[in-house]
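We name chains A, B, ... by the order of the sequence lines, and we start the count at 1 in each one. Here the structure is a predicted model, which means the values were calculated and not measured.
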Protein chains: 2
Amino acid sequence: MMTFTQIRQLLTKKHLKVTPQRAMIVDFMMQTDCHPTAEEIYEAVKDAIPGLSKGTLYNVLKTLVDANILNTVALEPGTVRYDANVSNHHHFIDVTTGEVYDIPWDKVQNLFKVLGEDYNVANYQVNFYGVKAEPQKSAPKSKPS
Amino acid sequence: MMTFTQIRQLLTKKHLKVTPQRAMIVDFMMQTDCHPTAEEIYEAVKDAIPGLSKGTLYNVLKTLVDANILNTVALEPGTVRYDANVSNHHHFIDVTTGEVYDIPWDKVQNLFKVLGEDYNVANYQVNFYGVKAEPQKSAPKSKPS
DNA sequence: TTGTATGCAAACGGTTTGCAATGCG
DNA sequence: CGCATTGCAAACCGTTTGCATACAA
């Protein structure tokens, strides 16, 4: 959980002006573990940023991706999703709900060498598709329902 | 290399009417190792199918994907690419050229179980990013977009 | 104060839809 | 012959662009 002071420092460190629009969008993206589309981000932040325009949203997203504060990910053909986790990791897509879960990088064995000499692998990423098991009822949650 | 008789048989086996548009598009997709976008397919086949309309192209592509003759692949955010290789395989993307190479399924160890009980993995796919080694005697498998 | 970021609206590219005409089985 | 498929054009949706205004530094 990032404070607004930390968000301000993050933007400043990247030589970006701190605007309410940028700060609120970064704040939302840092708090969510989803991989939302631009439209989903707009729906999520529009109440907190009265009068936010779509043009500004796309402009901010482009700026944040260029600054490596966000990444775009290719999970479904034809869709752009945004991810505040810019470090190496994999994805699990629940095909029944469309939900996307981050999978820690070291869950998968090192694959840099499996293609042999012909391919100089600089990076790789695994997309898993399936159904997530229902959370166990016995597992206590921090939040009461 | 598929003959037109074989293409006709393939479509018929899937209970699809054989039209010149469908046959030509299947023929092109079976002959290419690329992973073309709809626009690239249109450019490639429009001379062989005079008067082909974009609407028909998208209609045919949707029909072929539904019939599991083609697959869509998510290689870049926001782009739909089509693949006549409908069996399990991975992809290597040359980041300098944008070329895409099919990687045989068994180059990567079985990953169905690595996520444990919580994730019921039905399928997975690895995207490798890097630079292909120089000696390219054979034609590249995909052109840059 | 200065230049960048914003809001708005129009434009844009890729895809879909509706409908009349064509043609496959 | 009958219904699925086609061509065409308009509509649609996500994204980009141009421009006047607002505002962070």
Side-chain angles (χ1 to χ4, degrees), chain A residues 4-5 7-28 35-67 69-70 72-82 98, chain B residues 4-5 7-26 35-67 69-70 72-82 145:
Chain A
F4 267 88
T5 301
I7 291 173
R8 171 176 290 272
Q9 288 171 349
L10 171 62
L11 291 168
T12 302
K13 190 171 64 181
K14 302 277 190 173
H15 310 104
L16 301 176
K17 284 189 182 180
V18 179
T19 69
Q21 292 82 355
R22 286 174 178 176
M24 292 301 296
I25 290 168
V26 170
D27 182 53
F28 167 72
H35 300 66
T37 62
E39 185 63 32
E40 289 165 352
I41 297 168
Y42 182 76
E43 286 304 313
V45 301
K46 70 175 182 193
D47 289 339
I49 313 175
L52 174 69
S53 82
K54 287 276 185 72
T56 297
L57 173 64
Y58 282 104
N59 180 19
V60 168
L61 290 173
K62 185 177 192 316
T63 300
L64 296 176
V65 168
D66 288 347
I69 294 170
L70 299 181
T72 56
V73 289
L75 296 175
E76 314 141 60
T79 304
V80 179
R81 293 186 171 276
Y82 295 87
Chain B
F4 266 89
T5 301
I7 290 173
R8 171 176 289 275
Q9 288 170 348
L10 171 63
L11 290 169
T12 303
K13 189 172 63 180
K14 302 277 188 172
H15 310 103
L16 300 177
K17 283 189 181 176
V18 179
T19 68
Q21 294 81 354
R22 285 174 179 176
M24 291 302 295
I25 290 168
V26 170
H35 300 67
T37 62
E39 184 63 32
E40 289 165 353
I41 297 168
Y42 182 77
E43 287 303 313
V45 300
K46 70 175 182 192
D47 289 339
I49 314 174
L52 173 68
S53 81
K54 287 276 186 74
T56 298
L57 173 63
Y58 282 104
N59 180 20
V60 168
L61 289 173
K62 186 177 192 315
T63 301
L64 297 176
V65 169
D66 288 347
I69 294 171
L70 299 181
T72 56
V73 289
L75 295 176
E76 315 141 59
T79 303
V80 180
R81 291 184 172 277
Y82 295 86
S145 52

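Note on the helix from C:dT1-D:dA25 to C:dG25-D:dC1: angle between the axes of the first and last five pairs equals 40°, rounded to 10 degrees.
Of all the heavy atoms in A:Ala38 and A:Tyr82, the pair that sits closest is N-CE1, 4.0 Å. The shortest non-hydrogen separation linking A:His35 to A:Val73 is CD2-CG2, 4.5 Å. Considering every non-hydrogen atom in both B:Ala74 and A:Pro77, the closest pair reads CB-N, 3.5 Å.
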Acceptor/donor pairs from residues 7-20 of chain A side chains to any protein atom, 3.5 angstrom cut, sequence neighbours excluded:
| residue | atom | partner | partner atom | Å |
| --- | --- | --- | --- | --- |
| A:Thr12 | OG1 | A:Arg8 | O | 2.8 |
| A:Lys14 | NZ | A:Ala67 | O | 3.0 |
| A:Thr19 | OG1 | A:Arg22 | N | 3.1 |

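Taking OG1 of A:Thr72 as the start and CG of A:Leu64 as the end, the distance is 12.0 Å to the nearest 0.5 Å. Distance check, rounded to the nearest 0.5 Å: CG of A:Leu52 to OH of A:Tyr42 gives 6.0 Å. A:Ile41 contributes atom CD1, which lies 4.5 Å from atom CG of A:Leu61 (distance to the nearest 0.5 angstrom).
By the side chain to side chain donor-acceptor pair (under 3.5 Å) test, A:Gln21 pairs with no residue at all, sequence neighbours left out. Not counting sequence neighbours, the partners of B:Asp66 by the side chain to side chain donor-acceptor pair (under 3.5 Å) test are B:Lys62. For the side chain to side chain donor-acceptor pair (under 3.5 Å) test, residues two or more places apart in sequence or in another chain that qualify with B:Thr56 are B:Ser53.
At a threshold of 4.5 Å between non-hydrogen side-chain atoms, the residues A:Ile49 and A:Ile25 count as touching.
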Using atom names, set out every protein N or O paired with an N or O of nucleotides 19-25 of chain D below 3.5 Å, distance rounded to 0.1 Å.
| residue | atom | partner | partner atom | Å |
| --- | --- | --- | --- | --- |
| D:dA24 | O3' | A:Val18 | O | 3.4 |
| D:dA25 | OP1 | A:Val18 | N | 3.0 |

Could you pull out the protein-nucleic contacts involving nucleotides 12-16 of chain D (nitrogen or oxygen on both sides, under 3.5 Å)?
| residue | atom | partner | partner atom | Å |
| --- | --- | --- | --- | --- |
| D:dT15 | OP2 | A:Tyr58 | OH | 2.1 |
| D:dT15 | O5' | A:Tyr58 | OH | 3.2 |

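If you check residues 42-52 of chain A against DNA chain D, you find no residue with a heavy atom closer than 4.0 Å.
Between the NE2 atom of B:His15 and the C1' atom of D:dA4 there is a distance of 15 Å, given to the nearest Å.
Chain B approaches DNA chain C within less than 4.0 angstrom (heavy atoms of the protein), and the contacting nucleotides run 5' to 3' from C:dG14 to C:dG25.
Residue pairs that meet the salt bridge (charged side-chain N to carboxylate O under 4.0 Å, His left out) test with at least one member in residues 44-56 of chain A, sequence neighbours left out, are A:Glu39-A:Lys54, A:Glu43-A:Lys46.
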